[in-house]
Amino acid sequence: MATVDWQAVTDAAIAAQASDIHLAVGQAVFFRCDGVMQMQDIVCTAELLQNFLAEMLSSAQREKLEREADLDFAWRYHERRFQAIYEIP
């Protein structure tokens, strides 16, 4: 399977009009579209998840995540606002 970057995943979510992107390392990526979870033909790798976090988190957010092991945050991409909750496993 080809390496997928965070922009490609986010662009696909926007094209699908997804409200949520669900990522878990080693599992398929899911989009929530109209309240329905839809499995994508993309497997979330540790690299993909780390690239998402590196792009979206500020240094203060990274510090909070390291300190508290979870983080609720939002970010903007192509004029879309996304909300995320991340917990360190």
Side-chain angles (χ1 to χ4, degrees):
M1 176 177 287
T3 302
V4 178
D5 64 23
W6 71 268
Q7 295 101 327
V9 172
T10 308
D11 288 340
I14 290 170
Q17 298 183 4
S19 60
D20 302 357
I21 303 170
H22 292 254
L23 303 171
V25 174
Q27 297 182 21
V29 173
F30 281 82
F31 296 161
R32 183 183 311 274
C33 302
D34 294 322
V36 178
M37 296 295 286
Q38 298 180 354
M39 186 170 66
Q40 304 302 299
D41 189 25
I42 305 164
V43 174
C44 181
T45 63
E47 179 182 15
L48 174 63
L49 186 56
Q50 289 305 314
N51 289 340
F52 256 103
L53 294 173
E55 182 63 30
M56 293 162 207
L57 299 183
S58 67
S59 59
Q61 288 171 316
R62 280 194 272 301
E63 289 172 11
K64 183 176 189 281
L65 178 60
E66 289 175 16
R67 191 174 57 250
E68 299 178 13
D70 68 359
L71 182 68
D72 187 347
F73 65 99
W75 84 99
R76 286 188 127 358
Y77 179 73
H78 288 306
E79 301 305 314
R80 288 279 306 266
R81 183 180 184 276
F82 293 91
Q83 178 106 9
I85 299 171
Y86 181 72
E87 296 178 3
I88 295 175

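Across every non-hydrogen atom of Glu79 and Arg76, the tightest pair is O-NH1, 4.2 Å. Annotation for Cys33 and Ala16: closest pair SG-O, 3.6 Å, computed over non-hydrogen atoms. Between Asp70 and Glu87, the shortest heavy-atom distance links the atoms CB-CG, 3.7 Å. Contact between Leu49 and Cys44 at its shortest, heavy atoms only, is CB-SG, 4.1 Å.
Under the 3.5 Å distance criterion, the side-chain polar atoms of Arg62 are matched with a main-chain donor or acceptor of Leu57. The closest donor-acceptor contact from the side chain of Gln17 to the backbone of Ala15 lies at 3.5 Å or more, if one exists at all. A donor-acceptor contact shorter than 3.5 Å links the side chain of Asp5 to the backbone of Gln7. For Gln61 (side chain) and Ser58 (main-chain N/O), a donor-acceptor pair under 3.5 Å exists by modelled atom type.
In this structure, the side chains of Gln40 and Phe31 come closer than 4.5 Å at one or more pairs of heavy atoms. Ile14 places a side-chain heavy atom less than 4.5 Å from the side chain of His78. Between Thr10 and Phe82 there is a side-chain heavy-atom pair separated by less than 4.5 Å. For the pair Leu23 and Tyr86, the minimum side-chain heavy-atom distance is 4.5 Å or more.
Note: Leu48 CG to Ile42 CD1 = 8.0 Å, rounded to the nearest 0.5 Å. We find the CD-CG distance between Gln38 and Asp20 to be 11.5 Å, quoted to the nearest 0.5 Å. The distance from the OG atom of Ser59 to the NZ atom of Lys64 is 14.0 Å, given to the nearest 0.5 Å. Atoms CG and CG, on Leu53 and Leu71 in that order, are 8.5 Å from each other to the nearest 0.5 Å. Of the inter-residue distances, the one linking Asn51 atom CG with Thr45 atom OG1 reads 7.5 Å to the nearest 0.5 angstrom.
Taking hydrophobic clusters as Ile, Leu, Val, Met, Phe, Trp and Tyr residues chained together by side-chain heavy-atom distances below 4.5 Å, Met37 does not share a cluster with Val25. Hydrophobic clustering of Ile, Leu, Val, Met, Phe, Trp and Tyr side chains at less than 4.5 Å, counting indirect connections, unites Ile21 with Trp6.
Between Phe52 and Trp75, the ring planes lie perpendicular to each other; the angle is over 60°, past the 30° to 60° tilted range.
Between the side chains of Tyr77 and Asp11, at least one donor-acceptor pair of N or O atoms lies under 3.5 Å.
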